[in-house]
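Quick notes on the structure that follows.
Values in this document were obtained by computation on a predicted structure and should not be read as measured data.
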Amino acid sequence: MRKDYRLERRKYVVGGFILLIVAIYIVRLFNLQVVDDRYKDYADSNAFLKKAIYPSRGIIYDRQGRVVVFNQPAYDIMMIPRDVQPFDTLDFCNTLGLTTEQFTRRIADMKDRRLNPGYSSYSPQVFMTHLSAEDYGRLQEKMYRYPGFFIQKRILREYGYKAAANVLGNIREVSQADIDADPYYSSGDYTGDLGVEKSYEKYLRGEKGVEILIRDAKGQIQGKFENGARDRGAISGRNLKLSIDIELQQYAESLMVNKIGALVAIEPSTGEILAMVSSPTYDPSLLVGRKRGANYKALVADFYKPLFDRALMGAYPPGSTFKPANGLILLQENIITPSTAYPCYHGFVSGGLKVGCHSHGSPLPLKPALQTSCNAYFCYGFKAMVDRRSKYGTSAEAFETWKKHLVSLGYGYRLGTDLPGESRGFIPNAKFYNKIYGEGRWSANTIISVSIGQGEILATPMQIANQCATIANRGWFITPHVVKEIEDTVMPQDLIARRYPTIDARHFADVAEGMRMAVTGGTCRLAALPDIEVAGKTGTAQNPHGKDHSAFIGFAPYDNPKIAVCAYVENAGFGATYGVPIGSLVIEKYLTGKISDQRKYLEQRMLESNTIIYSGVKKH
């Protein structure tokens with residue numbers, strides 16, 4: 001009889017099909033039993049209730065050891081939906097001050113996976129947060145009436161001072177994105193949002209503990225599993241000591257009331273930020289408790305954007321505070337020497353181009369040019385560098401060299417501070433101008449305004465203050481940072497290491513002396529202090545959207561600097577009008593602890609002045 005090979009082939013097909021089904025079952029069983037924990041969790045939840053024990057969040061101190069942020073107890077109502085049994089909802093609502101409609105809405109929102117992607121009827125869900133002590137006391141006596149509900153103890157932040165909101169940040173409930181990014185978090189947890197609370201979250205939050213309770217067949221709690229042998233205690237977060245002097249911060253904020261702008265004060269030798277003001281600001285306690293959401297929405301909607309940290313995120317034309325940096329580059333590139341003089345006939349004149357300047361002596365060398373804030377001097381110097389083809393080949397190559405020095409001074413890129421959201425400012429490159437004007441079709445005259453900190457040049461108040469600290473140190477800086485110490489932890493090396501620009505240290509003395517002359521007999525005379533040698537530089541930055549911005553940088557004492565400051569007030573006019581008084585008052589307050597009698601009038605004028613009302617920047 002002839003063999004039927006079709007039947008033979010069919011046997012292998014059937015066998016292969018059976019093997020495929022078996023393989024699928026094996027993979028699925030492996031996935032359910034080993035890979036996927038959901039069913040194990042469901043089984044465990046029938047027998048156990050795992051309650052998270054939340055750690056105490058780290059306390060935040062200022063540089064003098066004053067408590068700035070601490071904790072107070074808070075309570076959340078949690079529920080495990082599958083354990084909830086019929087109960088008197090009206091009594092429950094009356095106890096908590098809820099309406100039955102609010103109760104129903106909360107339950108519906110909890111079960112809505114669009115609003116609560118991590119919802120599971122087997123796991124604890126947040127029903128209500130931030131119970132007051134009174135609500136907690138009333139509810140605790142009645143908890144036995146509400147099966148499936150329990151109270152979870154947490155912490156809320158409390159503030160010792162109504163200041164430094166932009167530095168401190170706040171805490172908020174985690175989002176699904178937070179949970180997906182870090183397995184530490186689960187629904188209802190809190191995390192740092194903005195400021196130090198965000199950037200130092202992993203230090204501040206500590207480690208959660210767990211309490212394992214055993215259930216009976218009816219789901220009722222019978223006590224601790226193995227008498228608590230498997231429980232794990234919470235580990236408190238690490239405390240932080242800020243570099244901020246909270247009393248100096250309060251004082252600086254008071255000077256900036258009714259003004260838009262920023263102030264940054266740095267200790268040059270350490271890079272520690274002594275004060276960092278963004279104005280307008282807000283009371284940090286607004287973002288705590290049950291009203292946090294409503295208050296946050298109001299701050300977001302505020303026309304003057306108090307949540308926007310202008311000290312770190314604002315990108316401004318630095319104006320004449322930029323001239324010391326340009327002077328350093330010209331010295332380094334041997335375009336000028338300290339004795340090189342340029343004329344000023346009420347400004348820089350080249351062909352049909354003129355950049356205006358105020359009246360002063362002419363011609364001037366470098367130090368008097370800084371003293372009088374001569375626009376012409378720095379325009380002529382910039383032109384001499386960018387158009388020197390014998391040295392650089394092209395204007396583009398010369399400009400790239402100029403830019404690289406600026407970058408080394410801390411401009412154009414993020415400094416790397418230990419706060420989130422830092423802006424890089426903007427320093428254009430040759431490609432930027434090639435795109436606008438065409439390759440080889442631009443020169444120094446085309447972009448002359450950048451030589452005096454105008455045009456396309458943008459910098460943050462933090463970068464401008466850092467430039468001042470670099471000059472104060474005569475040629476080096478440490479990355480500005482707001483945390484001085486982390487409990488039981490070594491500070492990151494990149495926050496304490498010295499950084500050296502591409503400018504030789506010998507050039508900084510000449511620029512510093514020019515800034516000292518600006519205080520003794522130049523544009524910064526209002527910054528002069530009794531018995532303290534101050535060096536400074538004004539800045540009046542043109543603003544196409546309204547009145548000029550008023551800026552100032554300064555450091556003191558001259559020979560052993562303890563503080564370097566940048567004050568920047570939007571739409572406030574000349575640098576000497578607001579920048580100099582505010583910056584110098586902060587310097588005096590920090591170094592002496594008070595304001596001298598002969599300068600009290602200046603303090604009073606700054607405390608009472610309002611630049612918003614006539615700035616042209618008004619609510620619509």
Q.
Among residues at least two apart in sequence or on other chains, which ones pass side chain to side chain donor-acceptor pair (under 3.5 Å) with Thr104?
A. none
Q: Apply salt bridge (Lys or Arg N to Asp or Glu O under 4.0 Å) to the pair Lys259 and Glu570, showing each step before the final yes or no.
A: CA-CA 7 Å; Lys259 303 168 189 69; Glu570 295 183 32; over 6 Å; no
Q. Does the pair Arg292 and Asp193 meet the rule for a salt bridge (Lys or Arg N to Asp or Glu O under 4.0 Å), with working shown?
A. CA-CA 12 Å; Arg292 181 191 188 280; Asp193 185 38; 3.4 Å; yes
Q. Do Arg106 and Asp109 pass the salt bridge (Lys or Arg N to Asp or Glu O under 4.0 Å) test, and can you show the C-alpha distance, the side-chain angles, and the key distance before you say yes or no?
A. CA-CA 5 Å; Arg106 285 175 183 269; Asp109 288 348; over 6 Å; no
(Q) My understanding is that only residues two or more places apart in sequence, or in another chain, count here; which of them pass side-chain contact (heavy atoms from CB on, under 4.5 Å) with Pro428? (A) Phe399, Phe426, Phe432, Tyr433, Glu456, Ile457
(Q) If only side-chain N and O atoms count, and only distance matters, is there a donor-acceptor pair under 3.5 Å linking Thr270 with Glu267? (A) yes
Q) Quick one: side chain to side chain donor-acceptor pair (under 3.5 Å) partners of Glu253, sequence neighbours excluded? A) Gln249
Q. With a cut-off of under 6.0 Å to the ring centre and 45° to the axis, is Arg499 in cation-pi contact with Phe477?
A. no
Q) For atom NZ of Lys142, is the number of surrounding heavy atoms from other residues, nucleotides or ligands below 6.0 Å larger than 12? A) yes
Q: Please check if any side-chain donor atom of Tyr75 sits under 3.5 Å from a side-chain acceptor atom of Gln140, or the reverse.
A: no
(Q) My understanding is that only residues two or more places apart in sequence, or in another chain, count here; which of them pass ring-ring contact (aromatic ring centres under 6.0 Å, His included) with Tyr190? (A) His130
Q | For Phe149, ring-ring contact (aromatic ring centres under 6.0 Å, His included) partners two or more places apart | A | Phe87, Phe92, Phe127
With a 3.5 Å cut-off and sequence neighbours excluded, list the donor-acceptor pairs that the side chains of residues 485-495 form with protein atoms.
from	atom 1	to	atom 2	distance (Å)
Glu487	OE1	Asn239	N	2.9
Thr489	OG1	Arg238	NE	3.1
Thr489	OG1	Glu487	O	3.1

